[in-house]
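What follows is one structure encoded as structure tokens, with my remarks underneath.
Everything quoted here is computed from the prediction, not taken from an experiment.
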Amino acid sequence: MIVIWFIAACVLLGVGISNVGHASSLGQHGITARATVTQNQGWGRFAVRVSYPTAAGQQQGTLDTPQDSTSYPVGSAISVVYDPASPSVVSLPGSSSASGWTELAVGAALLVLLAGFGARSLRGRRRGAGLEVAG
């Protein structure tokens with residue numbers, strides 16, 4: 001079970017780092033475009049699929065939304081910001097990397113808890129084996 005929690009913590013850290021990096025890149029180099037919502041179901045409760053023009057042609061991306069995805073009807077127009085170096089990375093203008101920081105914090109907290117649990121478990125095993133030195 002500990003291994004599963006460790007893997008989950010590492011995945012959260014990786015996703016958080018990626019999301020913070022994408023948000024930073026969009027903030028520095030993002031290009032604003034007019035997108036059309038192509039799907040508002042099947043991508044999560046707070047995500048829609050959008051299509052938008054880029055220098056290389058039409059691009060599709062998954063857009064995280066602050067409201068329920070059904071608030072964005074299929075065919076509706078919306079302003080987005082995309083990363084010219086990775087055009088499928090898309091966000092709403094002015095959106096922050098809050099979710100990335102949240103994922104980083106949860107992943108780090110899980111690792112700290114697992115480290116504490118591991119140290120406590122190891123201490124208990126040493127006591128049970130009579131190996132701990134009084135000090």
Side-chain angles (χ1 to χ4, degrees):
M1 188 65 164
I2 297 293
V3 172
I4 292 170
W5 284 103
F6 178 76
I7 291 169
C10 290
V11 167
L12 282 170
L13 285 172
V15 169
I17 290 168
S18 175
N19 286 347
V20 169
H22 286 313
S24 175
S25 179
L26 285 174
Q28 294 173 3
H29 309 290
I31 296 175
T32 303
R34 198 76 175 148
T36 303
V37 176
T38 57
Q39 282 184 287
N40 64 358
Q41 294 180 8
W43 298 96
R45 183 172 176 203
F46 295 98
V48 296
R49 192 81 170 148
V50 293
S51 177
Y52 47 95
T54 67
Q58 201 68 12
Q59 179 68 45
Q60 292 225 358
T62 303
L63 178 68
D64 291 331
T65 59
Q67 300 168 321
D68 192 274
S69 60
T70 57
S71 301
Y72 300 85
V74 172
S76 62
I78 187 169
S79 288
V80 297
V81 177
Y82 72 89
D83 184 349
S86 182
S88 65
V89 176
V90 63
S91 181
L92 290 171
S95 67
S96 69
S97 58
S99 71
W101 287 111
T102 301
E103 291 150 350
L104 277 171
V106 171
L110 271 175
L111 285 178
V112 168
L113 287 172
L114 288 171
F117 178 77
R120 184 173 153 204
S121 177
L122 184 59
R123 238 187 339 263
R125 287 185 183 154
R126 284 183 179 168
R127 280 189 188 135
L131 298 175
E132 186 150 339
V133 178

Review point. Can you list every salt bridge (Lys or Arg N to Asp or Glu O under 4.0 Å) pair that touches residues 48-57, not counting sequence neighbours?
Key: none
Check your understanding: Between Ser79 and Pro93, which heavy-atom pair has the shortest distance, and what is it?
Key -> O-CD, 3.2 Å
**Study point:** Closest non-hydrogen atom pair, Ala33 against Pro53
**Key:** CB-O, 3.9 Å
Revision key, fill the gap. Closest non-hydrogen contact found for Tyr52 with Gly61 is CE2-N, 3.8 Å
Review point. Who pairs with Ser51 by side-chain hydrogen bond (donor to acceptor under 3.5 Å, both in side chains), at least two apart in sequence or on another chain?
Key: Gln58
Practice item. Kindly compute the distance separating CD (Gln60) from OG1 (Thr54), expressed to the nearest 0.5 Å. Key: 11.5 Å
Exercise for review: Verify, without hydrogens or angle tests, whether Ser69 (side chain) and Asn40 (backbone) share a donor-acceptor contact under 3.5 angstrom.
Suggested key: yes
Review point. Between the side chain of Thr65 and the main-chain N/O of Gln67, is any donor-acceptor distance below 3.5 Å?
Key: yes
Below 3.5 Å, can you tabulate the donor-acceptor pairs from side chains in residues 71-78 to any protein atom, sequence neighbours excluded?
unit_1: Ser71; atom_1: OG; unit_2: Asp68; atom_2: O; d: 3.1
unit_1: Ser76; atom_1: OG; unit_2: Pro73; atom_2: O; d: 2.7

**Study point:** Qualifying residues under side chain to side chain contact (heavy atoms under 4.5 Å, CB included), relative to Val11, sequence neighbours excluded
**Key:** Ile7, Val15
Study note, to complete from the structure: Sequence neighbours excluded, the answer for side-chain hydrogen bond (donor to acceptor under 3.5 Å, both in side chains) partners of Gln39 is Trp43
Practice item. Enter the distance from Arg45:CZ to Thr70:OG1 here, rounded to the nearest 0.5 Å. Key: 8.0 Å
Exercise for review: Kindly write out the residues that satisfy side chain to side chain contact (heavy atoms under 4.5 Å, CB included) with Phe6, not counting sequence neighbours, or none if the list is empty.
Suggested key: Cys10, Leu111, Leu114
Practice item. Can you see which heavy atom on Pro66 is nearest to which on Leu92, and at what distance? Key: CD-CD1, 3.3 Å
